[in-house]
There are 2 protein chains.
Amino acid sequence: MKQGSDLDGLLGYRIELTHLIAIEDARLALAPYGLTPAKLTALLLIRANPGCDQTALGKALSVNRSSAMKLVNVLVDRGLIERRPGRDLRTNALHLLPGGEERVAEMLDRLRESDRRLGADLTAAERATLMALLKKLRKPRAARRGATTTDG
Amino acid sequence: MKQGSDLDGLLGYRIELTHLIAIEDARLALAPYGLTPAKLTALLLIRANPGCDQTALGKALSVNRSSAMKLVNVLVDRGLIERRPGRDLRTNALHLLPGGEERVAEMLDRLRESDRRLGADLTAAERATLMALLKKLRKPRAARRGATTTDG
DNA sequence: TATTGTTATACTCTATAACTATA
DNA sequence: TATAGTTATAGAGTATAACAATA
């Protein structure tokens, strides 16, 4: 099946293809732990911000309260984090559990291995250049206006 | 909220962030046409392969027959393509309709504008370097084994 | 009034499984 | 037997809307 060349020169299309490769391997790397890359990111945010509440976590992940709720439920069910009493009676304080700390360390190892595989054909200099150029891509005006959601 | 530095050096994480920016603007650019970037890609594949069947389309998009079916239904409902009799009685031949051609051209214009916004801070040389480096990222062994699906 | 958590509901995308009609 | 399309169903992931408790 022919691909068609309409998208060939587009940066966004190349990033889409690259992203598919990266996310697939990252998923496989984390699958034994029953978590997706997005859930590991949530776990890392909680570790970096002990005692944060669900709403703040959701904002950091660009999802609303309801979605943050579901995410936290999964991490609690997995025994990785717990909800403790928060700064007021409305709020939960999220904390990584000791077992969660161990798991996070293992998962980060697997993720770094995956990342090494992804960039295996790059020299150190090329890798640095790529990182720098990716950082120069910018959020266009249209997208910067913010999505129109009710919640956060 | 602190970000935590565990993912900072990872190529895959940087690509994830960049992808989010790119896909959001691309979605906004195509929203007036009622199609997502993925559906435009499907449309371009059909245009590049007139008379292709749904299964082949699905394979090119890495989705199974059932998902390809739904996708084609949407494009048919939008009046962009049609199903014609295929090479045998089991098969549909997918064809872009004249109206679809027009829409595709407009959507490609909007998508290219979005792509220009994304790379607006890059010189032509930087842009070329970025494209070349992204092409050097490779599908790791683990992911190359192929996903374990029943279908395509 | 505003905020936090929660629940119910729905929509998109994708998958699996089973059915049918062809081949 | 194998393949193409179809349908029903289910599971992530996300969103909206409403409610209770608290601020």
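Quick note on labels: first sequence line is chain A, next is B, and so on, each numbered from 1. Values below: all heavy atoms of this structure, side chains included; hydrogens, waters and symmetry mates excluded.
- Looking at R65(B), its side chain comes within 3.5 Å of the base of dG5(D) through a donor and an acceptor atom.
- No donor-acceptor contact under 3.5 Å links the side chain of K70(B) to the base of dT12(C).
- Here the P atom of nucleotide dG13(D) and the CG atom of N73(A) are 13 Å apart, to the nearest Å.
- In this structure, R90(A) and T36(A) both approach DNA chain D, and ranking their closest nucleotides by distance from the 5' end singles out T36(A).
- Counting only heavy atoms from C-beta on, V63(A) has its side chain closest to dA15(D) among dT3(C), dA15(D), dT22(C).
- Salt-bridge formation is not detected for the pair D8(A)/R14(A): no Lys NZ or Arg NE/NH1/NH2 atom is positioned less than 4.0 Å from an Asp or Glu carboxylate oxygen.
- The pair R87(B)-D53(B) meets the salt-bridge criterion, since a charged nitrogen lies less than 4.0 angstrom from a carboxylate oxygen.
- Applying the 4.0 Å criterion to OP1 and OP2 of dG5(C), one finds that T55(A) has a side-chain N or O inside that range.
- The pair K139(A)-D25(B) does not meet the salt-bridge criterion, since no charged nitrogen lies less than 4.0 angstrom from a carboxylate oxygen.
- In the set dT16(D), dT6(C), dA15(C), the nucleotide with an atom closest to the side chain of N92(A) is dT6(C).
- A salt bridge does not link R112(B) with D115(B): every distance from a Lys NZ or Arg NE/NH1/NH2 to an Asp or Glu carboxylate oxygen is 4.0 Å or more.
- Between the P atom of dT3(D) and the CG atom of N64(B) lies a distance of 15 Å, rounded to the nearest Å.
- Look at CE on M69(A): it is 9 Å from P on dG5(C), rounded to the nearest Å.
- Side chain S66(A) to base dT14(D): no donor-acceptor pair is found below 3.5 Å.
- Between K39(A) and the phosphate of dG13(D), there is a side-chain N or O to OP1/OP2 separation shorter than 4.0 Å.
- Atom CG in L71(A) sits roughly 13 Å away from atom P in dG5(C) (whole-Å rounding).
- When only modelled atom types and interatomic distance are considered, N73(B) and R83(B) share a side-chain donor-acceptor pair under 3.5 Å.
- Close to dA4(D), at under 4.0 Å from its OP1 or OP2, lies a side-chain N or O of R87(B).
- For R27(B) and dA15(D), the CZ to P distance is 12 Å, given to the nearest whole Å.
- Closest approach to the Q54(A) side chain among dG5(D), dA23(C), dG5(C) is made by dG5(C) (side chain taken as heavy atoms from C-beta onward).
- Per the geometry, CG belonging to L89(A) stands 6 Å off P belonging to dT22(D), to the nearest Å.
- An OP1 or OP2 oxygen of dT6(C) is reached within less than 4.0 angstrom by a side-chain nitrogen or oxygen of R83(A).
- Put simply, CD on E16(B) is 13 Å from P on dG13(D), counting in whole angstrom units.
- Put simply, S67(A) has a side-chain N or O that comes within less than 4.0 Å of OP1 or OP2 on dA15(D).
- With rounding to whole Å, D53(A) atom CG is found 15 Å from dA2(C) atom C1'.
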